[in-house]
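Computed from a prediction, not measured in an experiment: that's the story for all the values here.
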Amino acid sequence: MKGAALATGTAPIISMLVCMIHFLSKNNTIQFQLILPSFKHLIHACQLGISYFINQIASGITTTAFNYILLSLDGNIAVAAYGVIANYALVGNSLFNGISQGQQPLLSELYGQSNIDGTKKVLKHALLIGFVIAVILILIVILFTNPLIAFFNSEGSQVLEVYAYSSLIINFIGYIFASVNMIRASYFSAVNQPRKSFIISISRGIIAIIVLAFILSKLFGITGVWLAFPVAELFTLLITMKE
């Protein structure tokens, strides 16, 4: 636990040091200056960053809700199976967050130049890359499900293996839709449409997935809990297609 805490605290520092290589180089064109804070600019910045904020806090909220549901259904083993999903989901989320954040500076520059066709082209490429990565992740999970579970099943629990097997596959299928939602939410933030980005983020990150987790668990038991993620992502995609 101490090592995990140390890694969590050290990682942002390393990222900042890597970024400072550019800011301290001769190629840097950005200068830092002390200015008086602007409440108006702060509110505007918060509007554009609210979707990313929701993405960050959503995992904690959904994990709490899922653990509560799973404990009531089948106790610690079910929670442990969800823990397997959560650990591998961090990898998937990181990949799609990388695409989302990578497209933002390109989109913002093109939007600032009023190059709407250019922004749509970047979005199209980002969605294609996200889809390809989602398919690759699904294939990896399907082909190597048992070895992936074994990393977190040192005691060889057969019940845990059964739960984690189906949940892992179902969860990663959801990334077909999640990749689109994450990339589109980032796109709307970059082109100054925070309302649309907020709707996508709040739906997929908190409201839809938690509501569906409770409903589907009543209908299908533990399988319903696993289905909550892909169904919530598909639901969010369908209701925001016109956005």
Side-chain angles (χ1 to χ4, degrees), residues 15 18-19 22 27 29-30 41-59 61-62 88-141 170-210 212 228-243:
S15 299
V18 171
C19 291
H22 170 75
N27 296 324
T29 58
I30 299 176
H41 290 162
L42 176 63
I43 295 298
H44 184 64
C46 289
Q47 288 178 337
L48 295 176
I50 190 67
S51 64
Y52 186 74
F53 170 74
I54 292 173
N55 289 335
Q56 293 300 305
I57 66 170
S59 60
I61 297 173
T62 54
Y88 286 116
L90 288 174
V91 178
N93 290 335
S94 296
L95 290 172
F96 296 116
N97 278 328
I99 299 172
S100 300
Q101 294 177 29
Q103 71 172 347
Q104 279 193 322
L106 298 174
L107 290 169
S108 297
E109 181 180 5
L110 292 168
Y111 179 75
Q113 298 171 351
S114 299
N115 187 350
I116 304 303
D117 290 336
T119 62
K120 292 181 178 180
K121 185 176 181 180
V122 171
L123 174 63
K124 181 180 178 180
H125 287 309
L127 290 173
L128 178 59
I129 294 171
F131 176 78
V132 171
I133 292 177
V135 171
I136 292 173
L137 288 176
I138 293 170
L139 291 175
I140 291 173
V141 168
I170 292 172
N171 185 81
F172 271 81
I173 289 175
Y175 277 115
I176 291 290
F177 313 115
S179 63
V180 178
N181 289 329
M182 295 170 71
I183 291 170
R184 289 178 70 239
S186 174
Y187 167 81
F188 287 130
S189 292
V191 297
N192 199 27
Q193 298 184 51
R195 185 187 68 85
K196 296 178 180 180
S197 179
F198 173 78
I199 292 173
I200 294 174
S201 298
I202 196 70
S203 174
R204 65 173 294 270
I206 298 177
I207 296 176
I209 190 169
I210 292 179
L212 285 167
F229 172 68
V231 175
E233 295 291 352
L234 177 58
F235 172 78
T236 300
L237 180 59
L238 292 175
I239 66 170
T240 60
M241 282 300 293
K242 294 182 180 180
E243 297 290 346

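When all heavy atoms are compared, the tightest approach of I206 to A58 is CG1-CB, 4.0 Å. Residue L212 comes nearest to A228 through the heavy atom pair C-CB, 4.2 Å, listed as atom of the first residue, atom of the second, then distance.
Taking the side-chain hydrogen bond (donor to acceptor under 3.5 Å, both in side chains) definition, one finds that S179 meets it with nothing, sequence neighbours left out. In terms of the side chain to side chain contact (heavy atoms under 4.5 Å, CB included) criterion, residue partners of K120 (sequence neighbours excluded) are, by chain and number, I116, Y187. Shown here are the side-chain hydrogen bond (donor to acceptor under 3.5 Å, both in side chains) partners of S203, two or more places apart in sequence or in another chain: T236. Qualifying side chain to side chain contact (heavy atoms under 4.5 Å, CB included) partners for L42, counting only residues two or more places apart in sequence or in other chains: C46. The ring pair (Phe, Tyr, Trp, His ring centres under 6.0 Å) check on F235 picks up nothing, with sequence neighbours excluded. Taking the ring pair (Phe, Tyr, Trp, His ring centres under 6.0 Å) definition, one finds that Y175 meets it with F96, F172, F229, sequence neighbours left out. Under the side chain to side chain contact (heavy atoms under 4.5 Å, CB included) criterion, L238 pairs with L234, sequence neighbours left out. L139 is linked by a side chain to side chain contact (heavy atoms under 4.5 Å, CB included) to V135, counting only residues two or more places apart in sequence or in another chain.
Using a distance-only test at 3.5 Å, with no hydrogens or angles considered, a donor-acceptor pair links the side chain of R184 to the main chain of T240.
Pairs of residues two or more places apart, or lying in two chains, that qualify as salt bridge (charged side-chain N to carboxylate O under 4.0 Å, His left out) and include a residue from residues 229-238 are R204-E233.
Rounding to the nearest 0.5 angstrom, the gap separating the CD1 atom in I57 from the OG atom in S201 is 10.5 Å. Note that the CG atom of L237 and the CD1 atom of I239 stand 9.5 Å from one another [nearest 0.5 Å]. Here the straight-line distance linking atom CD1 of I173 with atom CG of N171 works out to 9.5 Å at 0.5 Å rounding. To the nearest 0.5 angstrom, Y88 atom OH is 11.0 Å from I140 atom CD1. Rounding to the nearest 0.5 Å places CG of N97 at 10.5 Å from CG of L90. The distance from atom CG of N181 to atom CD1 of I176, rounded to the nearest 0.5 Å, is 12.0 Å.
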Return a table of donor-acceptor pairs under 3.5 angstrom between the side chains of residues 103-112 and protein atoms on other chains or two or more places apart.
unit_1 : atom_1 : unit_2 : atom_2 : d
Q103   : NE2    : I183   : O      : 2.9
Q104   : NE2    : S186   : OG     : 3.4
S108   : OG     : Q104   : O      : 3.0

Exercise for the section: May I have the step-by-step check of side chain to side chain contact (heavy atoms under 4.5 Å, CB included) for N115 and T119, ending in yes or no? Expected result: CA-CA 7 Å; N115 187 350; T119 62; 5.7 Å; no
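Counting only heavy atoms from C-beta outward, the side chains of V132 and I136 approach each other to under 4.5 Å.
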